[in-house]
Number of protein chains: 2
Amino acid sequence: MATPQDRQLVEQWRSIQSTYFRTAGAIDRALESRFSIGLTEFEILDLVAETAEAACRMKQLGERTPMTQSAMSKVVDRLEKAGLISRHSCEDDRRSLFLELTDAGRELHQQAAVEHRALLKENLA
Amino acid sequence: MATPQDRQLVEQWRSIQSTYFRTAGAIDRALESRFSIGLTEFEILDLVAETAEAACRMKQLGERTPMTQSAMSKVVDRLEKAGLISRHSCEDDRRSLFLELTDAGRELHQQAAVEHRALLKENLA
DNA sequence: TCAATTTATATGACACGTCATTGAATGACA
DNA sequence: TGTCATTCAATGACGTGTCATATAAATTGA
């Protein structure tokens, strides 16, 4: 049944869960109240911001996050409606889209990133 | 802007997220397909199973999980409908409830726990 | 060059979690 | 003892994620 090793695994798992929820919750609330975006929205902004240039990105970004393809699609919808990001279709493969921050998006990202990093620091001991 | 320390924090955070999603996803899929319960349902079963006896537990269990009170309430609903758990009102405080595994619940928990521990071991390097 | 297959993204139905609120029981204290 | 505040749990409205599928474009190969 419950070997000591099992207990230790469960402990470790609960610790990860707890860190994850505490941190994600804190960031989500802060971003929501100060910038009216959620954590997932920020994470896409963050990825786009750090992915230097072109390339047909939707797909590639998807590989850098645990988000589902359909989740990504919807988050990008919201970001587009909020005027923070724009979708451009790709010249060389018209199935693909690449994403670009708008000026508003870039500015919001810069400010939100400060908050984001601060909360990470605070929560990841 | 992006200090090296910031980058390291973000790295660390992504690693936690990735571990969390990978592990939770694997467990959830396995339990769902083999026992028709999700990860949250299992976690409540697991807590009840390891909390030896009486006491008016809903509340106390809530303190041992990142779940919301209302989330707990709904998960317990599902578990009750599935016949895995039962709610009993408390003698000394009729606002409170304590939970108990049914025989079916106890049995399912034992089997599911094996799978759960195995997947933890597999995913938490 | 024309099917058949595969790939990139979007979308609809649905499940679950959260927030705010409610209802009921308890506690505090004048 | 009677009010007022507090606590425990349940519920409804709502947002967001997932799965399965749709749509459209590209690729393969006969």
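Hydrogens, waters and symmetry mates play no part in the numbers below; they use all other heavy atoms, side chains included. We name chains A, B, ... by the order of the sequence lines, and we start the count at 1 in each one.
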Could you tell me the separation between the [atom1] atom of [X] and the [atom2] atom of [N], rounded to a whole number of Å?
X       : N      : atom1 : atom2 : result
B:Asp28 : C:dA15 : CG    : P     : 14 Å
B:Glu80 : D:dA9  : CD    : P     : 13 Å
B:Glu43 : C:dC16 : CD    : C1'   : 14 Å
B:Asp77 : C:dA15 : CG    : P     : 15 Å
A:Gln60 : C:dT7  : CD    : P     : 15 Å
B:Leu79 : C:dC16 : CG    : P     : 11 Å
B:Glu91 : C:dT26 : CD    : C1'   : 16 Å

Next item on the list: Can you check each nucleotide of nucleotides 12-23 of chain D against protein heavy atoms at under 4.0 Å and return B for base, S for sugar-phosphate only, - for none, in 5' to 3' order?
Entry: BB--SSBB----
Listed by chain and number, what are the side-chain hydrogen bond (donor to acceptor under 3.5 Å, both in side chains) partners of [X], not counting sequence neighbours?
X        : result
A:Gln111 : none
B:Asn123 : B:Arg22
B:Arg106 : none

Check: For D:dA24, does either OP1 or OP2 sit under 4.0 Å from a side-chain N or O belonging to A:Arg94?
Finding: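 For D:dA24, OP1/OP2 do not have a side-chain N/O of A:Arg94 under 4.0 Å.
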Restricting to nitrogen or oxygen on both sides, can you table the protein-nucleotides 5-8 of chain D pairs closer than 3.5 Å?
| unit_1 | atom_1 | unit_2 | atom_2 | d |
| --- | --- | --- | --- | --- |
| D:dT7 | O2 | B:Arg95 | NH1 | 2.9 |
| D:dC8 | OP1 | B:Lys59 | NZ | 3.3 |
| D:dC8 | OP2 | B:Lys59 | NZ | 2.8 |

Can you list everything that forms a side-chain contact (heavy atoms from CB on, under 4.5 Å) with [X]? Sequence neighbours excluded, please.
X        : answer
B:Lys121 : A:Gln5, A:Leu9
A:Thr68  : A:Ser70, A:Ala71
A:Ala112 : A:Leu31, A:Phe35, A:Phe42, A:Leu108

Check: With a 3.5 Å cut-off and no angle check, do the side chains of B:Asp46 and B:His116 form a donor-acceptor pair?
Finding: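 No, no side-chain donor-acceptor contact under 3.5 Å.
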Which atom pairs, donor and acceptor, lie under 3.5 Å between side-chain atoms of residues 79-88 of chain B and protein residues at least two apart or in another chain?
| unit_1 | atom_1 | unit_2 | atom_2 | d |
| --- | --- | --- | --- | --- |
| B:Glu80 | OE1 | B:Arg87 | NE | 3.0 |
| B:Glu80 | OE1 | B:Arg87 | NH2 | 3.2 |
| B:Ser86 | OG | B:His88 | NE2 | 2.9 |
| B:Arg87 | NH2 | B:Asp77 | OD1 | 2.2 |
| B:His88 | NE2 | B:Glu100 | OE1 | 3.0 |

